Asker: 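Can you read through this structure? Questions will come right after.
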There are 2 protein chains.
Amino acid sequence: MELDDTDREILRILQEDARTPFSEVARRIDMSSATVHDRVSRMEEAGVLTGYRAEVDPKALGYGVSAFVGLRVRQGHEEEALETLRAVEGVREVHLTTGEYDVMMRVYAESTDDLRDLMFGQIATMDGFDRSQTMVILGTDYEESGVPI
Amino acid sequence: MELDDTDREILRILQEDARTPFSEVARRIDMSSATVHDRVSRMEEAGVLTGYRAEVDPKALGYGVSAFVGLRVRQGHEEEALETLRAVEGVREVHLTTGEYDVMMRVYAESTDDLRDLMFGQIATMDGFDRSQTMVILGTDYEESGVPI
DNA sequence: AGTGAAAGGCCACCGTC
DNA sequence: GACGGTGGCCTTTCACT
């Protein structure tokens with residue numbers, strides 16, 4: 001699907017605040033809200049707009065620890081490893097990557113104890129596990145949600 | 001702020017689809033929409049609900065390459081390094097971490113050429129740069145946006 | 001692809017319990 | 001803290017350009 005500047009402007013506004021009323025979006029891009037509605041629908045159907053998410057502070061829900069975990073998997077055991085990882089509570093993202101690790105994960109835990117259980121109890125003991133490195137996030141210096149538009 | 005089960009249920013619904021009308025949320029949790037409105041406002045003010053974001057497919061905007069970049073910084077040059085990184089187009093997240101790197105970043109690029117410019121043109125030449133490792137994301141096996149509720 | 005109009009639905013804000 | 005009611009705004013659709 002081809003996106004023009006108007007589409008990009010709409011995306012920018014909704015990426016900033018997904019609950020912005022279409023009528024307000026229309027005002028800002030100087031078009032009717034029917035048009036906005038139309039374009040948004042088209043972008044949803046084309047898979048450009050994939051959803052609308054409320055952002056929740058992890059700390060408020062008791063997740064005080066967040067980490068990246070790099071993982072090496074034994075050759076031939078990739079599929080079973082991924083399947084296990086997907087099912088681990090706290091594992092939010094599982095990416096296949098080039099470089100030092102085969103898999104890069106993003107995990108949330110309630111505490112370091114909880115993270116320890118997750119790593120040594122579930123991940124290190126799984127089928128296909130080779131070795132891992134846990135990079136605990138001490139702080140986030142900069143975070144821009146979404147895509148540059 | 002203390003969250004009860006009703007609050008959590010509201011968060012779960014809005015994390016799934018931030019544009020769900022409050023009246024619909026109210027129906028699902030079997031309360032009035034005035035109550036939902038009330039609770040949402042309280043959670044926004046308390047910083048539990050930090051925003052609402054439309055999710056956009058990076059590929060649709062021409063960002064075909066995504067990577068994690070681990071970075072080591074020369075001691076005493078942390079601040080200037082972070083400042084530089086924040087300003088690099090394509091750098092979306094900058095986290096301070098324990099482990100093998102000092103900084104873990106998440107970057108988007110339009111192509112491998114673009115990524116090369118970003119790494120060798122801007123990051124490797126910056127003040128305080130020690131060394132880096134780029135982990136290009138070949139695929140994402142699992143991704144659960146937001147926090148487990 | 002964009003528009004205005006219109007019906008129905010929704011939001012936000014009361015006052016009340 | 002939760003509720004019903006209300007006025008104004010918003011969404012969605014449609015015929016027309």
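Every chain is numbered from 1 and lettered A, B, ... according to where its sequence line falls, protein lines coming before strand lines. What you are looking at is a predicted structure, and each value in this text was computed from that prediction instead of being measured.
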Asker: Taking DNA chain C as the partner, which of residues 8-20 of chain A come within under 4.0 angstrom of it by heavy atom?
Answerer: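 Those residues whose heavy atoms fall under 4.0 Å from DNA chain C, taken from residues 8-20 of chain A in numerical order, are A:Arg19.
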Asker: What residue pairs, at least two apart or across chains, pass side chain to side chain donor-acceptor pair (under 3.5 Å) with a residue in residues 57-67 of chain A?
Answerer: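 The answer is none; no pair qualifies.
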Asker: Only counting residues at least two apart or in another chain, list the ones meeting salt bridge (charged side-chain N to carboxylate O under 4.0 Å, His left out) with A:Glu24.
Answerer: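 Testing A:Glu24 for salt bridge (charged side-chain N to carboxylate O under 4.0 Å, His left out), a comparison that skips the adjacent residues, returns A:Arg27, A:Arg28.
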Asker: Near DNA chain D, counting only heavy atoms under 4.0 Å, which residues of residues 23-41 of chain B show up?
Answerer: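 Correct list: B:Met31, B:Ser32, B:Ala34, B:Thr35, B:Arg39.
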Asker: Any chance you could measure B:Thr6, atom OG1, to B:Arg8, atom CZ, to the nearest 0.5 Å?
Answerer: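 It is 10.5 Å, given to the nearest 0.5 Å.
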Asker: Is any side-chain N of the basic residue among B:Asp4 and B:Arg39 closer than 4.0 Å to the acidic one's carboxylate O?
Answerer: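 Yes, charged N to carboxylate O under 4.0 Å.
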Asker: Report yes or no: is the cationic atom of A:Arg86 (NZ for Lys, CZ for Arg) under 6.0 Å from the centre of the six-membered ring of B:Tyr142, at an angle within 45° of the ring normal?
Answerer: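 Output no; distance or angle outside limits.
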Asker: Could you give the angle between the helix axes at the two ends of the helix from C:dA1-D:dT17 to C:dC17-D:dG1, with five pairs per end, rounded to 10 degrees?
Answerer: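 For the helix from C:dA1-D:dT17 to C:dC17-D:dG1, the axes at either end differ by 30°.
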Asker: Stepwise, does the ring-ring contact (aromatic ring centres under 6.0 Å, His included) test hold for A:Phe68 with B:Phe68?
Answerer: CA-CA 10 Å; A:Phe68 290 105; B:Phe68 290 104; 5.5 Å; yes
Asker: Is it true that B:Glu44 and B:Tyr52 share a donor-acceptor pair across their side chains at a distance under 3.5 Å?
Answerer: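 The answer is yes; a qualifying pair exists.
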Asker: Under 4.0 Å from any heavy atom of chain B: name the first and the last nucleotide of DNA chain C that qualifies, 5' to 3'.
Answerer: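 Both ends considered, the range comes out as C:dC10 to C:dC13.
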Asker: Tell me whether the NZ or CZ atom of B:Arg72 lies within the 45° cone about the ring axis of B:Tyr101 and under 6.0 Å from its centre.
Answerer: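 Not flagged: B:Arg72 not positioned over aromatic ring of B:Tyr101.
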